[in-house]
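What follows is a set of notes on a single structure, which appears directly below.
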Amino acid sequence: MSPFEPSAENAVEIRGLSVTYRGSGKSVRAVKDCSLRIRRGEIIGLVGESGSGKSSALMAIPRLLPAGTLVTGQIICDGTDIANLSEEELNKWRWRRIALVPQGAMNSFTPHLSIERHITEVLTCHMGMSRREGRERAADLALTAGLETSILTRYPHELSGGQKQRAALAAAIACDPDFLLADEPTTALDVITQSEVLETITGLARRRGMGLLLVTHDLPLAAGVCDRLAVMKDGLIVEKGLSRQIVTEPAHDYTKKLIEAIRAMEKPPEVLP
Amino acid sequence: MTSARKRLFSSVIVLAVVLALNFLLFRVMPGDPLTGVVDPRFSPEAKQQLAAQWGLDKPLSEQFVVYIREMLSFRFGLSMMTGAPVWDELKNRAPNTVALLLPALILSAALGVWLGVKAAQRRGSIVERLVLIGGAVSFSFPSFFVQLLLLLCFAFAWPVFPLSGTTSIPPPSGIAAFADYLWHLALPLFSLVVLSFGGWALYIRNMMVKAMGEDYVLMARARGLPRRRVVWNHAFRSILPPVLTILLLSLPGVVSGAVITETVFSLNGVGRFLLEATNSHDYPAAGAAFFLLALLTIGCNLLADLCCALADPRVRGEGTRG
């Protein structure tokens, strides 16, 4: 059975997911009947150009799309359809089981709370830890995410982009979730920091046996770190399979064009006469 | 020069300007204490004697020096209207004003904040519509009109509250005196809360709508935090600096606004004293009242800066960078 077919425990499955943004008199269907499965210990890349619907698909999993958005389909996590849970029930799954590393962590931290407070807050809320225990665990998490413990007492505006992204990762793994959703986690970072942060995220996912859904527009980057890829275009998953297979033998015209475009960009520039 | 020193320095400049204007404006206004305070039947000699007693016969520059000395030493001199020390007059009236305005400010802000947050949480619902309409109505009605209407309904047509004053005649004693005092303040207090909560509700709703759409609030939800925590600890807490600033800066305005409330309900407060002192050109009393109001404004402004710095680490950072 293909790993993208529905069923199986230890996995988050998206079944027939559709997302429609409703505006005043105008609706946009951003995701159309998508199905995907993310198993624990596996890294899946969801790639596509900007506006293809990949972030909408990702944000639909923890139900974080704007109010009024029409979402249909099922989100099955370990046999439970979390799409139909109440907000209160869903909060038990959020972060504890499914955590998120946001796109551009710049604005994802509440400005008046220190980094430590962001981490201890989830630990006291979900793990029942005391503030003191939370602080000790926060220090461990900071080190795990490649940060110095001194940044914990700092506020978001005092951190660089790379530090913030690592802090977002430290917060995301605080409750040892089963699944990590990373939405363009390295956008807005310089190339070196991008590669370091991505290495930390994928390394942690592998070591901890988490399922990772990595959303990115960067196909070579995704192909380099993901076990499997799903390619999205205009809200549809047009192709999915093993990363190597997608890159070497793309089946869909859109994937072929994407790969050709990347190869063209990688060619050395012609020397002018 | 650090930010705090700059603020302190500018506050001193503002206070100096207010002091100078306080002196000049009262003296360029039409009329003077001899026509405003003194009985018109007094003989010219008696009036001259009073003018000498109040120091009005001295040159303006000399009067200015005396005025500045009295203001800065907080002595304020004697009221021309009552002949009693201005301090005593203010001290006698201040408890009534504070007992009315402080609860009114706290209650209206608390009610407005609560309604504003609920409206922002339930966008597009009947709750939001009711808050928007109620807020706009509360915000737009002139205070004296609402207060007179309340007096007409609840003190005249259906007399459950007294028409005027702060105590019944004859005044009761013991615990009954306190209950009587609260009974007299109830209607003015209610009127102030009804008139002020709307502004707060509309303001808080607008700020909360923006805050609830911020990425960090979405992330707080993504972290599975309870809704109450997301709303109050993340969204509301992030708008706290402007809320504190408005709360503190509205305090002097509320004191000035007491003029109308205390006049309509015939309450013996600082606001009414301020109005009477201004109308009768009682220079020491009006000067002292406006000077204290300016001090209150400047003090609240500085306190607002301090509270903002405490509530928002980004503001603290700016302060240390000077």
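Naming: A, B, ... by sequence-line order, numbering from 1 per chain.
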**Study point:** Contacting moiety of Pro226(B), where chain A heavy atoms sit under 4.5 Å
**Key:** both
Exercise for review: Hey, could you give me the CD/CZ distance between Glu87(A) and Arg227(B), rounded to the nearest 0.5 Å?
Suggested key: 6.0 Å
Review point. How many angstroms lie between atom CH2 of Trp95(A) and atom CG of Leu225(B), to the nearest 0.5 angstrom?
Key: 9.0 Å
Review point. Chain B contacts: which residues in residues 121-140 of chain A have a non-hydrogen atom closer than 4.5 Å to it?
Key: Glu121(A), Val122(A), Cys125(A), His126(A)
Point to revise | chain B contact via Leu90(A) - side chain, backbone, both or neither, heavy atoms under 4.5 Å | key: neither
Check your understanding: How many angstroms lie between atom OG of Ser108(A) and atom CZ of Arg223(B), to the nearest 0.5 angstrom?
Key -> 6.5 Å
Revision key, fill the gap. To the nearest 0.5 Å, atom NE2 of His118(A) lies from atom OH of Tyr216(B) at 10.0 Å
Study note, to complete from the structure: Cut-off 4.5 Å, heavy atoms of chain A, and the answer for Ala235(B) is neither
Check your understanding: Quick one: ring-ring contact (aromatic ring centres under 6.0 Å, His included) partners of His234(B), sequence neighbours excluded?
Key -> none
Practice item. Working to the nearest 0.5 Å, report the span between CD1 of Ile239(B) and NE2 of His112(A). Key: 11.0 Å
Point to revise | Contact class of Ala220(B) relative to chain A, heavy atoms under 4.5 angstrom | key: neither
**Study point:** Heavy-atom pair of closest approach, residues Tyr155(A) and Pro313(B)
**Key:** CD2-CG, 3.3 Å
Check your understanding: If we only count heavy atoms from C-beta on, is the Leu218(B) to Met59(A) side-chain gap below 4.5 Å?
Key -> yes
Exercise for review: Using non-hydrogen atoms and a 4.5 Å limit, figure out which bit of Arg123(B) sits close to chain A: side chain, backbone, both or neither.
Suggested key: neither
Practice item. Identify, with sequence neighbours excluded, every residue that meets ring-ring contact (aromatic ring centres under 6.0 Å, His included) alongside Trp232(B). Key: Phe236(B)
Exercise for review: Please flag which part of Pro62(A) lies under 4.5 Å from any non-hydrogen atom of chain B: side chain, backbone, both or neither.
Suggested key: neither
Practice item. Could you check Thr110(A) against Arg237(B) for side-chain contact (heavy atoms from CB on, under 4.5 Å), going step by step and ending with a plain yes or no? Key: CA-CA 9 Å; Thr110(A) 306; Arg237(B) 182 64 180 70; over 6 Å; no
Exercise for review: Side-chain contact test, heavy atoms from C-beta onward, threshold under 4.5 Å: evaluate it for Met219(B) versus Leu100(A) and give yes or no.
Suggested key: yes
Point to revise | Options Ala222(B), Gly213(B), Gly124(B), ranked by heavy-atom pairs under 4.5 Å with chain A, top entry | key: Ala222(B)
Revision key, fill the gap. Residues at least two apart in sequence or cross-chain that pass ring-ring contact (aromatic ring centres under 6.0 Å, His included) with Phe190(B), listed by chain then number, are none
Review point. For Arg221(B) and Arg63(A), which heavy atoms make the closest approach, and how far apart are they?
Key: NH2-O, 3.4 Å
